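A short worksheet on the structure shown next.
Remember, predicted model here, so these are calculated numbers, not experimental data. Proteins get letters first, then strands, A, B, ... in listed order; numbering begins at 1 in each.
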Amino acid sequence: MKRIGVFICHCGINIAGTVDVKRVAEEVAKLDSVVYAQDYIYMCSDPGQALVREKIRQEKLDGIIIAACSPSLHESTFRTAAEEAGLNPWQCEIANIREQCSWVHTDRKKATEKAIRIVSTMVEKTRLNESLEPIPVSITKKALVIGGGIAGIQAALDIADSGHKVILVEKESSIGGHMAQLSETFPTLDCSQCILTPKMVAAGKHRNIQLMTYSEVEEVSGYVGNFNVRIRRKAPFVDWSTCTGCGLCMEKCPAKVPSEFDRGLSTHGAIYIPFPQAVPNKPVIDRESCIYFKTGKCRLCEKTCEIGAIKFDQEDQIIEEEIGAIITATGYETLPVTELQEYGAGEVPDVIDGLAFERLLSASGPTSGEVRRPSDGRVPKEVVFVQCAGSRDPERYRPYCSKICCMYTTKHALLYKHRVHDGQPYIFYIDIRTGGKGYEEFYHNAEQDEGIIYLRGKVAKIFRDGDKTIVWGTDTLTGRNVEIQADLVVLATAVVPRESTAELVKKLRIQTGPNGFLSEAHPKLRPVESINSGFFIAGVAQGPRDIPETVAQASGAACKVISLFSRDHLEQDPAIAWVDEELCGGCRICISVCPYDAREYDEEKCIARVNEALCEGCGSCVAACACGATQQRNLSDSQIKSMVTASLGGE
Amino acid sequence: MFEPRIVCFLCTWCTSAGADLAGTSRLQYRPNGVNIKFMCSSRVDPEHVLWAFREGADGVLIGGCHPGDCHYQDGNYRTQARVSLLYRLLDDFGIDRARLRLEWISAAEGTKFAAVMNEFTEELRSLGPIKLAAREMAK
Amino acid sequence: MSERTGLAPPKSPPVRLTRETVSGGFKKRVIELSGQNMDSCYQCGNCSSGCPVAQEMDILPNRIMRLAQLGLKDDIIHSATLWICASCFQCTVRCPRGIDIQGVMDTLRQIALDEGVDHFGPDQIDPEQAASVPQPGLVGVYRKLST
Amino acid sequence: MAKVAYYPGCALKERSSHLDTSARDSAVRLGFELDELPTWTCCGAVPPVSEERVMNLVAPSRILKDVRDSGRDVLITICDFCYNTLKRTNYSIRTNEITRKRINAFLADDEPERDYIEKKDAYWVDYTGEVRVVHLMEYLRDEIGYGNIREKLKRPLSGLKIAPYYGCVMLRPQNEIQLDEPENPSIIEDFIDSLGAETIRYPYRTECCGSYLSVSSPDASTRLCYRILTSAQQHGADAMVISCPLCFYNLDSRQKAIAEAYPDFKPIPVFYFTQLLSVALGVDEGRQGFERHFVDVAPVLDMILQGSGKGDRT
């Protein structure tokens, strides 16, 4: 008979406030095999862990249960503590009586009963647990970074600098992301391109970085340390190996396509580079708008290119790579102005979004940095900025705060004021949030020294009247409604995850939260990892954040990858499937259900084996096995049955 | 009032994480279920479900990832196929199909988990305690 | 659209903000006279919460600051608040932005008086009081509250 | 005996002259003389609103310049209003060059026309804020010293519980006045302590009494004074001590209106700080003008006299 110890955590009042922990200890002490049961205020604290270690030795425990918070938080903590006391880590189990009990119930009696049943269930599991050893798995020390914005660039550079190979995949033809579109950055007013382009060039030239722009990840299989990735290189219809980037083809192209990079405020040809500082600085032909592709006639670019780099017959390529870790840094979009019905739904020409205004401010933008409004090119004298356009609006748009708008709107108003001295900026806001180094000072300066008028209230409606754009708002601080006849309105539209991210996460099988942003393994303690091992996350794809935070997180994710690559091999959870060769009839149903090709048929013995390196421990084959030959370690059918019985309060 | 007993087989990646989220969000729901966590809902053998009923469970909940979101590619499809067959078996045993529920609850759906637990508890209350001929006879 | 004559005026018409109201004219004059940067007020409300005579006012001091920020002169000079402020400097001492709010209040009073909003005259004093109040009270009240 | 330049101001010269007498008496007992300026005008009571009204600074500047010209660098005042006005005027002359120039231009301009002043032969020297404006309370603290006062006490106020009242302009605006910590001052407490009395702590000691609202909005002032006085009483005060004639008026005379408005209100005697000082130093209580108070001070006075009974009745 096993000697099991149960340790019940109060978690301050988090558990003890609802669950009678003393009673839980008393009740579970009566169970078979339980030789010790004790409650303690903070089990995860040093003294708490010391108690666990001491009792393992003293009571000669060969199995322990920690009744505390979710195993996602402290399973590894306690398994390490157990190991230190000489107990096999797989003899340590967590009974979740916080997230799945004390926090979700208020009736003390019922919560206590439930906690007892939860602990009993885990006692039953532990009674039959075997001692296991982790399975060593080799690592491919090459990283994949998806997304070539500042997050992806930073992560790729950091990993590459540590000596490991990196593939940086970007779906546009150039890396740079949104940061390349910005004019200046808050609160220092550094020129965005000036600080970004050296990094773009560095990433383009680094001998450990393989840049794959105009490419998208098609499929990912495998597991941490050993992923197989298929990447689609879209045909640019230009042979980049011979193209010199002279740009003559782009001048000749007769097509006019609204520039996505300039937010539709300028046009480029069907053959184009998105912006002059692009890395790599090679053009692509947009198949949708190319006159030749549409009508079969034109080919002006081909005639212009003296070295014959235009290749209309190019096709997409599929490239397969073996990868050890994946960083997802796919960035964001902003809520389209067209979705904001009461703000003109995109039909009022002088209502633009923040990124468009960045382009108007940018020295390399469509107006060379002069602020001119889209409708008639006049310099606007009264400019209204509307914050929370689609953010913090759970009823109609997005429930969350987009975080960067307070600061960039202040920056916009400031830069506008610097360009148009007699112009008047107004900012409508709900709250001004300046949590960041130097942010409060930046805002303070804008408010008190730059003549920017902050109006506390939401804008209800924006419409066009003649050449004016009428803004109806309120100022809750004076208690007066406000009307402004604006020349230009800039909406700080909500930051939203890219649509392509939703498709990508399906391929990667990583998690997103309710708003479509990538989920981290733990909101506080594991912020750069996905729950799934081998996947890391960086940048706004995880949620709205500014550049310094994005860069810090990208470096953090890179460090996690480097730390993973610093090991000789990985240890895989041994709680996987195994086969009782005596019972196996060789029906091979397990082979048909295994998603990892981990079940192999042994022709000689006529049985189905388990390839331990490939098995992920999902248990699908165990459930499928008709004769009970396949079992899962530490989750056998007999364990499950006694757990079920115990969960019902025993019989 | 009749308090039904529920066994919940939850996959670790989605539904158990969703149950954790219900906890961190401090949502309140009925305490009638005890969760048993599997790596994947496809670990649930129909036999486990039948065993639960045999042992006196008034209801069984199986929770997995939404279709297409399975951490193990297609485990949840297998679960669904098995549950469909199991329903036919339940009919033969005279167990109301409503006592077995398969739900897709993602890691982000703490509210859904809480709602399902409440709803399922109410439904089982209206069905009353499970009665199995074999058990009745044994008594 | 012009308002029809004979209709009662609306209770709370929207104010139309222009470059002139929010930075020129009245607001500019308040800034010049008081030497205070009203735009640095961030509406924490400390001035109002500590004002000993706030209970007598129709518009609290922080809202007066706000109205001044937006240049809404009419709302201010017809407010009773200007004539209730006892110039005790409590707001000035506590302002986290270092604005001399009492000074702004003085300025607003002066502008109101310049505009002909004469609040207080000798005829309004109770003769018994006039004979007994120490001179600083009389001098103060005339200087602050009358032209 | 040391002579210190003294600016009584209009209130103490006229309507509140009894407060002036007590100040002079106390000074003599403490070994110095309050030497009233030979000629002086009203200070204006409130400093001007803005730079545009620099004219309003001329009167106080003229007073300060006259002190400087008489070769002295300290000017004592005992009225909080005068103190505030003179000190802040001095502050703007010291810190604001434009104000300084404009003031001096005015002063120089009207100099010859002031024929009631003896013409001086000295050539014109700009007034640049050399004079230090000192509240008598401040002078007692920094120059005389509380130890000195204690030694000279004839009738220590032992057993008496006194609530200090600061009001507003003695402490504020802080950066210009810099007399004491504006939110938590101690100068009057220390003064009371030096007289041997017990200080009462209550929350309203720096809350405004309504100041000139007493004239324009008497009800507002009544409400404020009621709050201050009852709070002091609830904390056990036998009497209030005050350093401003307007506060004195509000807290003393207004008790009539308070009693009418609040039936539960019980009167509490109010003293000017110089009165208590003077009595404690042994000056005859008959010289304090107590008969001019609205609230009868007799109960408190009896406590003082019985407590020591050693006063020499000059």
Side-chain angles (χ1 to χ4, degrees), chain A residues 379-385 406 410 413-414 416-417 420-434 440-457 459-461 465 468 470-488, chain C residues 1 10-28 30-32 34-48 57-76 78-79 81 95-101 104 108:
Chain A
V379 176
K381 297 291 184 185
E382 310 246 11
V383 180
V384 173
F385 296 89
C406 285
T410 292
L414 208 63
Y416 163 71
K417 193 75 184 159
V420 185
H421 299 301
D422 61 340
Q424 180 61 54
Y426 306 83
I427 298 179
F428 282 94
Y429 68 97
I430 303 178
D431 297 293
I432 295 287
R433 297 175 172 185
T434 60
E440 174 68 9
E441 294 85 341
F442 184 71
Y443 158 60
H444 187 178
N445 168 56
E447 184 194 28
Q448 88 166 32
D449 298 331
E450 301 280 353
I452 297 163
I453 294 296
Y454 283 81
L455 297 155
R456 206 221 148 270
V459 167
K461 187 170 171 171
D465 184 14
K468 291 283 186 186
I470 310 296
V471 178
W472 281 354
T474 191
D475 178 58
T476 61
L477 302 177
T478 51
R480 299 297 301 268
N481 279 353
V482 161
E483 178 184 311
I484 297 171
Q485 301 188 341
D487 299 316
L488 179 68
Chain C
M1 273 181 291
K11 288 269 189 300
S12 189
V15 292
R16 184 164 287 179
L17 296 185
T18 65
R19 276 182 286 167
E20 176 60 14
T21 47
V22 301
S23 60
F26 169 71
K27 179 173 175 185
K28 213 168 174 177
V30 177
I31 292 173
E32 274 169 13
S34 66
Q36 299 300 312
N37 189 342
M38 285 170 316
D39 286 331
S40 79
C41 168
Y42 60 11
Q43 288 293 312
C44 68
N46 205 350
C47 46
S48 298
M57 294 174 169
D58 56 347
I59 299 177
L60 291 180
N62 71 299
R63 193 172 270 195
I64 291 282
M65 292 300 290
R66 181 62 185 163
L67 290 163
Q69 272 180 344
L70 297 188
L72 302 178
K73 184 179 77 178
D74 291 343
D75 294 58
I76 293 174
H78 294 112
S79 145
T81 297
C95 177
R97 294 284 210 184
I99 306 169
D100 178 6
I101 297 164
V104 172
L108 296 173

Would a 4.5 Å heavy-atom cut-off, applied to side chains only, mark A/Arg480 and C/Asp75 as touching?
-> yes

Residue part contacting chain C, namely of A/Ile452, when any heavy atom lies under 4.5 Å = neither

A/Gln424 versus C/Ser23, closest heavy-atom pair with distance = OE1-OG, 3.6 Å

For the atom pair CZ (C/Arg16) and CD1 (A/Ile470), what is the distance rounded to the nearest 0.5 Å?
-> 6.5 Å

Of all heavy-atom pairs between C/Arg66 and A/Arg456, which one has the smallest distance, and what is that distance?
-> NH2-N, 3.9 Å

Between A/Leu455, A/Ile432, A/Asn445, A/Thr474, which shows the greatest number of heavy-atom pairs under 4.5 Å with chain C?
-> A/Leu455

Drop me the distance from A/Lys381's NZ to C/Thr18's OG1, to the nearest 0.5 angstrom.
-> 14.5 Å

When rounded to the nearest 0.5 Å, the distance separating OG1 of A/Thr478 from CG of C/Leu67 is 5.5 Å

In Å and rounded to the nearest 0.5 Å, what is the CD1 to NZ distance from A/Ile453 to C/Lys27?
-> 3.5 Å

How many angstroms lie between SG in C/Cys41 and CD in A/Gln448, if you round to the nearest 0.5 Å?
-> 11.0 Å

In sequence, state the C-alpha distance, the side-chain angles, and the governing distance for C/Tyr42 and A/Glu440, and then conclude on side chain to side chain contact (heavy atoms under 4.5 Å, CB included).
-> CA-CA 11 Å; C/Tyr42 60 11; A/Glu440 174 68 9; 4.1 Å; yes

Side chain, backbone, both or neither: which part of A/Glu382 has a non-hydrogen atom closer than 4.5 Å to chain C?
-> side chain

Okay, A/Tyr426 and chain C: the region with an atom under 4.5 Å from a heavy atom over there is side chain

Given a strict heavy-atom distance threshold of 4.5 Å, which part of A/Asp475 is in contact with chain C: side chain, backbone, both, or neither?
-> side chain

Nearest heavy-atom neighbours spanning A/Gly451 and C/Asp39 | CA-OD2, 4.4 Å

